[in-house]
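Because only heavy atoms are used, hydrogens play no part in the values below, and waters and symmetry mates are left out as well, while side chains stay in.
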Amino acid sequence: MFWTSCDSVRYGSVPCEGDDCEASLDMGSSDSKENSSNRSSSSKNPSKNTPDQKDTLDNKDKPNVPDTVEVVDTTAVADAKSLPACNSSNEGESFMVTGEDALYFCIAGNWEKNVQELFDVTCSDGTLKLEESVAVADSVDAADYRRAGVAVTGFAEKGPFRYGTSVKIVELDSVMRLADSKRTHQTCITSSNGKFDFGSVNLVSPYVRVEANGFYKDELTGGLSSSLIKLNAVVDLSKRDSFNVNMLTHMAAPRVLKLVQDAGNNQPIGSQSGRALSDVLSSFGISLGGSSSTGGFSFGGWNRGTQTTSTSKSAEDLTIFGDDDYSAALLAVSVMMQSFGSVKDMLQFADFVAADIRGDGNWGDNASKAKLADKLLILDAEGGLAKIRKNMESWKLGDVPDFEKHVRNFWTSTHGFESCNAMTNGMVKHVGNSQSEYFVSYYEQPEGPRIRFICDGSIKAWRVATDLEKDTVGFGAGDYDGQIKNGKINVDKFYVYEQSKKSWRAATSDDIQEFVDVDDVMKKLAPGEKVIFVLRHAERTDDTGKKGHLTDNGKKQSQSVGAKLKGENIYFANSTYTRSYETCENVATGAGITSMGNDTLPELDGDWFVKDESKFETYKNGNGGGWVVASEYAYKGSYSDAYYPLQSRGEEFMTEIVKPRFAKVNRVGVWISHDMMVVPLTAFCTNGKANLRYFDTKQWINYLAGVAIILGTDGTLRYEPVKGLSSGTMTM
């Protein structure tokens, strides 16, 4: 059979009972053995691989996407001058001269074309052979021919099949329920556009099964397919002399035969071909011609059992380079199947879908649809559809139809997206199909895939949303110029509001200054320079009073920071709080200092910037707590009746508290304070570029983070936000 049976690879949960489990007749037959030849091509797979394309999406958002590898045809040259030497080592081999679209064969030391008059051109496994031309008499009496001397032609396309492809016609016995007869006809494709020509064929039965077996141009890579493929068709030649073989003929053929069988085998194949095509197309959400329903496709999901009417065309009428929507549909389905993976995987999946459609005309397995939609989603997201168009246009075989709309309609509808139009322009969505690998239950779900999609009015299609688009959904206008917010999806990214443009943009290093590790500050310290680290204490217990202690983990944190300062003669200062002193003590231990000298500075207690303690407490209790109030003061200048002006108060701290005490610093000082002091101090020292905007971004100063105040040899101060642990901030 040329579709998979119920024992084949499973992609979902297609039921398998009765007639749907086995084909009514055996569609497969082994090719007759090729005659031996002295002039056979030596290369079984005339190709070579080139490196994989570089991913353009994060791998975490691509859990199961097949690599696309370009395969270059090594049996094609641009012109006759580029042909290799013809000698005994390559006798009988063929090359395609693309500039002439002509096959040349190496014969007796010379490259020759148009050799069909002297030799029969045969083919097997995608390669061509030359044999002495011998006429073979037909054993059937001419009176028994239903049609005699039929000049059968057509095109075999996936992309176009290459020269060397064998096209085989097997006549079907209408008396034996369309079983294979022993009458076969075979020809070879000798062009680069997939065209075949049987010359004159005598048909006893006009009902035929067709096989095209060879290599083809891969629309995804632009090169040669990595392996052979066999596509099928079931054709009624009662009234036609030409037909095509393609992905739709392959997938419609089982359905055609099932419809004939259901009609009691008393209807011609041609009467069911249009209906079968409609069933296949509608299963992909494509409604053309006479189709009167969606064939099981519905918004947000799929249904079984709906019926379609026949189209005005059959699958064998179609070509991927036609100028109508049928060609676009054929190419779209071909691309969809190609996106599934390797040639083997693609064909198995196509057969699986065809087997499901065969029974009742619908592809009803939601899991396999979601799997395909995921692959198309990524193909589209990475610019794959544009690349396919570019590849096919480079072949110069005809106009490329508008296949993209059908591909996008399939994956967006499968995943429950509305139509992209003027009403939905700018809408940003997540994949809500629970059977998708990209499913998240709600838009801002913190775990799971981060990929989101936007309806782009400029192209009238859904596409992958940029970080800016998906992270700023719902932000609206900023509250003030320079406002910073976390991304909705990428919560570790930040965005800045520009009042002049009334829009958000991604934050840069000019907007947000990163915290530098204590160790890195020490490494960059120039000879003669000194530094005082003003840091928040280490992790504390729940006791926030003056007598509250560090946790055991807080002691370890402090010691790890001290280890970065080993060998230094450190000048310590702490606030009047126990946990501040304990932090200094453990930093000293980590630095290998056995006898710690320290100063206790009330200015480090945390209220240096507070002007009116009672008003501060009132604001803290009424406006969301101290972290909100302190950060709004430091970055927005709020609560001016409770706080001193940040700039002048920060300068006073440097002038009155810090600079005089540099005299006690040999090279390094470690001062331990509290978050209510360290946050506004860090904002002052970085001109608001250290992101501690808790009120907007929920970022707060981490333990053992703060500022490095560096005294240069010229007596000037410079500042860097500094971290003692892995991060300078904590997200609350």
Side-chain angles (χ1 to χ4, degrees), residues 491-492 514-522 532-566 568 570 572-593 596 598-608 620 624-631 634 668-683 685 690-695 697-708 720-732:
V491 295
D492 54 343
E514 298 295 332
F515 284 78
V516 180
D517 194 274
V518 166
D519 189 47
D520 291 330
V521 172
M522 294 302 300
I532 292 177
F533 296 106
V534 182
L535 309 175
R536 184 188 179 190
H537 56 77
E539 184 182 87
R540 58 167 174 77
T541 65
D542 292 336
D543 184 354
T544 60
K546 280 203 169 188
K547 300 299 183 182
H549 296 279
L550 296 184
T551 64
D552 288 342
N553 185 51
K555 294 175 183 178
K556 292 178 182 177
Q557 290 174 338
S558 304
Q559 291 170 18
S560 70
V561 172
K564 300 176 183 181
L565 301 173
K566 269 193 174 177
E568 298 290 347
I570 303 172
F572 288 98
N574 52 267
S575 73
T576 62
Y577 286 68
T578 300
R579 57 182 174 274
S580 176
Y581 173 80
E582 288 179 345
T583 301
C584 287
E585 188 176 44
N586 281 279
V587 169
T589 298
I593 298 172
M596 180 187 74
N598 67 293
D599 282 345
T600 298
L601 302 178
E603 293 85 357
L604 297 177
D605 279 0
D607 56 359
W608 173 262
K620 182 175 72 171
W627 292 358
V628 172
V629 172
S631 58
V668 181
V670 174
W671 293 11
I672 303 300
S673 182
H674 303 267
D675 51 3
M676 291 298 168
M677 164 68 176
V678 175
V679 166
L681 181 65
T682 304
C685 290
N691 183 21
L692 299 173
R693 301 168 185 251
Y694 178 79
F695 62 94
T697 64
K698 300 303 179 186
Q699 298 295 297
W700 192 244
I701 194 74
N702 199 11
Y703 296 118
L704 293 164
V707 292
E720 283 200 69
V722 69
K723 60 184 180 181
L725 305 179
S726 60
S727 175
T729 62
M730 57 172 65
T731 304
M732 306 302 294

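- Considering CD1 of I672 and CD of E585, their distance stands at 12.5 Å, rounded to 0.5 Å.
- Two residues are said to be in side-chain contact when any heavy atoms from C-beta on lie closer than 4.5 Å; V491 and T731 fail this criterion.
- Atom CE of M730 and atom CD of E539 lie 8.5 Å apart (nearest 0.5 Å).
- Residues E568 and I593 come closest through the heavy atom pair O-CD1, 3.8 Å.
- Just one residue in the list S575, S558, S673 forms a side chain to side chain contact (heavy atoms under 4.5 Å, CB included) with T583, and that residue is S558.
- Between the NZ atom in K555 and the OG1 atom in T589 there is a gap of 10.0 Å [rounded to 0.5 Å].
- Checked by atom type, the side-chain pair S727/N702 shows no donor-acceptor distance below 3.5 Å.
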Q: Kindly determine whether W671 and E603 satisfy side-chain contact (heavy atoms from CB on, under 4.5 Å), including the steps that lead there.
A: CA-CA 11 Å; W671 293 11; E603 293 85 357; over 6 Å; no
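- For A705 against G728, the heavy-atom pair with the smallest separation is CB-O, 3.5 Å.
- In summary, of the residues considered (V561, I570, V521, V707), a side chain to side chain contact (heavy atoms under 4.5 Å, CB included) with F533 occurs for V521 alone.
- Atoms CZ and NE2, from R579 and H537 in turn, are 4.5 Å apart once rounded to the nearest 0.5 Å.
- At least one side-chain heavy atom of S560 sits less than 4.5 Å from a side-chain heavy atom of L725.
- One distance of note links NZ of K723 with CG of L704; it measures 13.0 Å at 0.5 Å rounding.
- A pairwise comparison of heavy atoms in D543 and G545 identifies OD1-N, 3.0 Å as the closest pair.
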Q | T551 vs Q557, side-chain contact (heavy atoms from CB on, under 4.5 Å): CA-CA, chis, key distance, verdict | A | CA-CA 10 Å; T551 64; Q557 290 174 338; 6.0 Å; no
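- Two residues are said to be in side-chain contact when any heavy atoms from C-beta on lie closer than 4.5 Å; C584 and N574 meet this criterion.
- The CE atom of M676 lies 14.5 Å from the CG atom of L681; values are rounded to the nearest 0.5 Å.
- For NZ of K556, the number of neighbouring non-hydrogen atoms (other residues, nucleotides, ligands) closer than 6.0 Å is 12 at most.
- A perpendicular orientation is assigned to the rings of W627 and Y694, their planes being inclined by more than 60° (bins at 30° and 60°).
- Nearest heavy atom pair, residue R536 against residue I701, reads NH1-O, 2.9 Å.
- Smallest separation of non-hydrogen atoms from M596 and N598: CE-OD1, 3.8 Å.
- In this structure the side chain of W700 reaches within 4.5 angstrom of the side chain of S631, judged on heavy atoms.
- Taking the ring centroids of Y577 and H674, they lie under the 6.0 Å cut-off.
- Between N691 and T729 the shortest side-chain heavy-atom distance does not fall below 4.5 Å.
- When atom types are taken as modelled, the side chain of D599 and the backbone of L601 share no donor-acceptor pair closer than 3.5 angstrom.
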